[in-house]
Number of protein chains: 2
Amino acid sequence: MTGHDVADSIERRSGVSLWRQIADRILQAIATGDFAENAALPPEVALAERYGVNRHTVRSAISALVQEGVLRAEQGRGTFVLSRKRLSYPIGARTRFSAGLQGQTSERHIVLLASSIEPASPRVAEGLGLARGSEVIRLETRGEADGRPVSRAAAWFEARRFAGIDKAMAQTGSITASLARFGVDDYLRQSTVLSARHADAADLADLDLQPGAIVLVTVAVNVTPDGQPIQFSESRFPAERVELKLSAL
Amino acid sequence: MTGHDVADSIERRSGVSLWRQIADRILQAIATGDFAENAALPPEVALAERYGVNRHTVRSAISALVQEGVLRAEQGRGTFVLSRKRLSYPIGARTRFSAGLQGQTSERHIVLLASSIEPASPRVAEGLGLARGSEVIRLETRGEADGRPVSRAAAWFEARRFAGIDKAMAQTGSITASLARFGVDDYLRQSTVLSARHADAADLADLDLQPGAIVLVTVAVNVTPDGQPIQFSESRFPAERVELKLSAL
DNA sequence: CAAATTTGTCTATTGATATAGACAACTATA
DNA sequence: TATAGTTGTCTATATCAATAGACAAATTTG
């Protein structure tokens, strides 16, 4: 009773085109090591047979992955895997953007995309323990490692207590450092809720993804050591480039 | 600079058909509470305008969701939301299947789908601290809550130490109870790595999903209190029905 | 150099996807 | 009982997705 292992799993008339399904399969094969990095993919005819589709359909999938920078095709030689492995992004009580990526990348930083003051939505108000409609500061940021976007986040802070945190963030490029300016020397992650969905238009633009990509979504509340909520955030990670490692708290 | 909030995010020629993208958006709107349960959806013409597509395209999306049992359409009246919210599945040092779902569902259990003895793959061997190729027992299980599948998992145990755990699992329906028969009274989750991908054919079948659905994937190692690895597992959760709540370890 | 292998390009055909418009069928309400 | 609002069905058309076959262009190998 073996051999059903990976099995053919191409679904027709599913709303997802065959070339996109095959592109996903190839991405997954790279992620699991089935297709080694820098090695050649099987030739197009072999892939077509393997997935039970026409060669041109395989070509569409490959062409999309070449567009995404995952593969490089060379006429007469073959098609080669470029993509590196996924980043392993640590999540725990003391999650900090740069701390946990040490050793995996040579360069990493956070870019402040936008900031605004707005009334707290019910969800944000509940997370921060504020009255509904209280003013909060929202920071939109993007995390980058080795020049590639690896996260996209919105963070909300109580506007009264953290007035000017947007400027601090713009200067320091670090939420930890910005919070320190307001007397927050330490903070803990109180809760994290995790889900996944297809990337929307904003995700596609900010994370440099192709349509159909998946994002991991975390919704988290950070608190001071004495339990006072200071930050509510929603982060999105491109599933093809990032995995989340849940570390001991 | 407001008003980009949810924004239109329908992508054309992306390999994912418009009706499937809109179905996903509706599912998400239900999950976030934008479309309340048991309430009527906006009429088809309104939805078509909202997403910038033809009414017939919206109808295709709705028809798929009716097929999935999420919506019910009534001629002359409207289209109504049937689906409940996502289950919030706790992940932490003492993750147990049924413990954390209390209060969210009335009925829950684990079904043993299959079991086998096989040589440990490099990944499994490393997780369990065994020599590559050592014999391990694999259990394939499905978790159900209120009659709907909410997880699908493969778990590996050292074959020598846990010979017969497959039968124990079939009898008790509980991994915790089965481990207790082998003298394991307590265990902790040592590590969890999280990712997301499109469901493959086996996921679609076992989790009762439609093509294009997303699954959350966790890869975890459980250890005894003194740090000895006893269980390596890979679990898949349907993202449309489950979210993962990371609890304090 | 010749042959084999592999990717690239072209034409043609079929079926699925998306748009457009018109009208029927059913429900709720004034 | 009209009328307005909603879902259901039909026809028609244009574009995208997938298959099929043939051959060109580049590379590697004997």
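Order of the sequence lines fixes the chain letters, A, B, ..., with proteins taken first and strands second; residue numbering starts at 1 for each chain.
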Exercise. Only pairs at least two apart or in different chains count here, so list each ring-ring contact (aromatic ring centres under 6.0 Å, His included) that has a residue in residues 122-154 of chain B.
Key: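 Listed once each, the pairs would be none.
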Quiz item: With the threshold set at 4.0 Å, does a side-chain nitrogen-carboxylate oxygen contact exist between Arg152(A) and Asp208(A)?
Solution: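 Salt bridge: no.
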Exercise. Using a 4.0 Å heavy-atom cut-off across all strands, classify Val53(B) as base, sugar-phosphate, or nothing.
Key: sugar-phosphate
Exercise. Describe the nucleic acid contact of Ser60(B) in one word from base, sugar-phosphate, nothing, applying a heavy-atom distance below 4.0 Å.
Key: nothing
Show every donor-acceptor pair shorter than 3.5 Å between a side-chain atom in residues 121-129 of chain A and any protein atom, with sequence neighbours excluded, or say none if there are none.
{"from": "Ser121(A)", "atom 1": "OG", "to": "Val124(A)", "atom 2": "N", "distance (Å)": "3.3"}
{"from": "Arg123(A)", "atom 1": "NH1", "to": "Glu234(A)", "atom 2": "OE1", "distance (Å)": "2.9"}
{"from": "Arg123(A)", "atom 1": "NH2", "to": "Glu234(A)", "atom 2": "OE1", "distance (Å)": "3.0"}

Quiz item: At what angle, to 10 degrees, do the two end axes of the helix from dC1(C)-dG30(D) to dA30(C)-dT1(D) meet, given five pairs define each axis?
Solution: 20°
Quiz item: Which residues satisfy the side-chain hydrogen bond (donor to acceptor under 3.5 Å, both in side chains) test with Glu118(B), sequence neighbours excluded?
Solution: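 side-chain hydrogen bond (donor to acceptor under 3.5 Å, both in side chains) check on Glu118(B) returns Trp156(B).
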Quiz item: Taking only residues two or more places apart in sequence or in another chain, which ones pass side-chain hydrogen bond (donor to acceptor under 3.5 Å, both in side chains) with Arg20(B)?
Solution: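 Once residues adjacent in sequence are excluded, Arg20(B) has no partner under the side-chain hydrogen bond (donor to acceptor under 3.5 Å, both in side chains) criterion.
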What's the [atom1]-[atom2] distance between [X] and [N], to the nearest Å?
X	N	atom1	atom2	result
Arg59(B)	dT19(C)	CZ	P	14 Å
Glu49(B)	dA20(C)	CD	C1'	16 Å
Arg72(A)	dG8(C)	CZ	P	12 Å
Glu44(A)	dC23(D)	CD	P	19 Å
Trp19(B)	dC16(D)	CH2	C1'	15 Å
Gln21(B)	dT17(C)	CD	P	13 Å
Leu18(A)	dT17(C)	CG	C1'	13 Å
Phe80(B)	dT27(C)	CZ	P	12 Å

Quiz item: Any N or O donor-acceptor pair linking the side chain of His56(B) to the base of dG21(C) at under 3.5 Å?
Solution: yes
Quiz item: What about Arg55(B), does its side chain sit under 3.5 Å from the base of dG8(D) through a donor-acceptor pair?
Solution: yes
Quiz item: How do Ala73(A) and Thr57(B) order along DNA chain C: which one's closest nucleotide is nearer the 5' end?
Solution: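 Per heavy-atom nearest nucleotide, the more 5' residue is Ala73(A).
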Practice problem: Check whether any side-chain nitrogen or oxygen of Thr79(A) sits under 4.0 Å from OP1 or OP2 of dT7(C), and answer yes or no. | Solution: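 Looking at the OP1 and OP2 atoms of dT7(C), one of them is under 4.0 Å from a side-chain N or O of Thr79(A).
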Quiz item: Does the side chain of Asn54(B) get closer than 4.0 angstrom to OP1 or OP2 of dA18(C) through an N or O atom?
Solution: no
Exercise. Take nucleotides 24-30 of chain D nucleotide by nucleotide from the 5' end and write B, S or -, depending on whether a protein heavy atom sits under 4.0 Å from the base, only from the sugar-phosphate, or from neither.
Key: -BBSS--
Quiz item: So do the side chains of Val81(A) and Asn38(A) get within less than 4.5 Å of each other, counting heavy atoms only?
Solution: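 Contact flag for Val81(A)/Asn38(A) side chains = no.
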Main chain of [Y], side chain of [X]: is a donor-acceptor contact present, judged purely on distance under 3.5 Å?
X	Y	answer
Thr79(A)	Ala73(A)	no
Gln21(A)	Val16(A)	yes
Arg241(B)	Pro149(B)	yes
Arg132(A)	Ala120(A)	no

